[in-house]
Amino acid sequence: MLLCAAHLGGVDNVQARDRARSTKFDNPGIVAPLPPRRPVELTLGRPEQASTPTARTTPAPAEPEGLIGPPACFATFFERGGIALPAASESGSGACTIAEPVTFRAISMPDGSKTELDSAITVTCAFAVEILDWVREDLPGIVAREDGKLTRLAGVGGHACRPRNGVAGAQISEHATGNALDLFGLRLADGRTVSLVATDTATRSLRESLKTSACARFRTVLGPGSDPSHKDHLHLDMRQRPRDYKICQWNIE
Ligand SMILES: [Zn+2]
């Protein structure tokens, strides 16, 4: 409107222009209404305002801190016994970004006990659910055959931004996208630690069962005998391959 008045010709239009100018300068609130000035104290949040209910920020949702993204998988994560921790800055970036990351260090078991992880891991929510299902549904029965009760996953590793097997130039590892778990052993309530890379006959049957269940659930299982970098731990991931090809390489001795 002001621009138009400036380009009009003739007396009437000059008057219109002058009216517009007059309006502009005399009644700024009509021609170009400005938003009401924000009181400084609102911006700064004076203590007395912060103490009133209307000035409080919206309470945090009931979900545990640190979870971002669509809630569908997170609901499943909690239903399957996941106990989330506030996420660190581990969601990564670039080729090492984790989609829907969850960080956890403990799993609520069907019998009400907890299975803890040696250290917290951050993985995709979908992969976390795979871990939860394996730990809750398969492991208790397997260790029970040896009169054991699972209490801890020992020597765990999750997210790591690195190429496969740490070899420079190699394809990016499933660990980089939070789609893999490394595991050394299982700790039992009676104090035993079952090493997955052991070669003793006492735990052979248990390790055979673990291999069978792991290879049924995960798309990649690499343990001792697969390659030198997996001689001292078990690697599990859900890497998608053409025709749903799976790798199950773990020589039980
Ligand atoms: Zn690994």
Side-chain angles (χ1 to χ4, degrees), residues 77 82 85 87-107 115-135 138-139 142 150 152-187 193-199 203 206-242 244-253:
F77 175 82
L85 294 172
S89 55
E90 265 206 87
S91 55
S93 60
C96 295
T97 301
I98 300 178
E100 296 185 20
V102 292
T103 300
F104 65 106
R105 192 177 180 173
I107 299 168
T115 293
E116 299 196 329
L117 283 64
D118 260 359
S119 56
I121 60 168
T122 300
V123 293
T124 69
C125 181
F127 186 65
V129 170
E130 302 287 349
I131 296 170
L132 297 176
D133 286 352
W134 185 55
V135 172
D138 289 10
L139 299 194
I142 293 172
L150 180 67
R152 185 177 282 258
L153 304 184
V156 298
H159 184 222
C161 188
R162 55 174 162 78
R164 281 191 208 169
N165 301 337
V167 177
Q171 196 168 354
I172 200 80
S173 161
E174 292 296 301
H175 286 285
T177 50
N179 197 33
L181 173 73
D182 285 342
L183 180 62
F184 166 77
L186 307 179
R187 194 154 304 149
T193 296
V194 178
S195 164
L196 303 183
V197 300
T199 56
T203 62
L206 192 153
R207 287 180 284 116
E208 288 277 12
S209 298
L210 289 172
K211 177 186 175 181
T212 301
S213 78
C215 290
R217 287 194 178 268
F218 297 93
R219 294 203 175 95
T220 309
V221 176
L222 297 172
S226 62
D227 61 57
S229 62
H230 294 97
K231 65 177 187 290
D232 59 357
H233 70 278
L234 187 66
H235 168 99
L236 308 168
D237 75 47
M238 290 300 277
R239 182 180 180 80
Q240 293 271 9
R241 297 183 183 84
D244 202 27
Y245 180 70
K246 291 181 172 183
I247 292 176
C248 172
Q249 295 178 358
W250 178 9
N251 292 344
I252 307 292
E253 295 182 30

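Ligands are counted one by one from 1 in listed order, and the atoms in each one are counted from 1 as well. Every value quoted in this text rests on a predicted model; they were computed, and no experiment measured them.
None of Thr220, Asp182, Thr177 except one satisfies the side-chain contact (heavy atoms from CB on, under 4.5 Å) rule with Asp237; the exception is Thr220.
Using a 4.5 Å cut-off on side-chain heavy atoms (C-beta onward), Leu210 and Leu234 make no contact.
For a distance bound of 2.8 Å, the N, O or S atoms of His233 include none lying that close to the Zn ion (ligand 1). Coordination check, His230 versus the Zn ion (ligand 1): failed, since every N/O/S atom of the residue sits at 2.8 Å or beyond. Asp237 lies apart from the Zn ion (ligand 1) in this respect, since none of its N, O or S atoms is found at a distance under 2.8 Å.
Taking every heavy atom of both residues into account, His233 and Pro224 meet most closely at O-CD, 4.2 Å. What you find for Arg239 and Asn179 is that their closest heavy atoms are N-ND2, 3.7 Å.
Of all N/O/S atoms in His175, NE2 sits nearest the Zn ion (ligand 1). Looking only at its N/O/S atoms, Asp182 has OD1 as the one nearest to the Zn ion (ligand 1). Taking the N/O/S atoms of His235 in turn, the shortest distance to the Zn ion (ligand 1) belongs to ND1.
The backbone N or O of Asp118 lies less than 3.5 Å from a partner atom in the side chain of Arg105, making a donor-acceptor pair.
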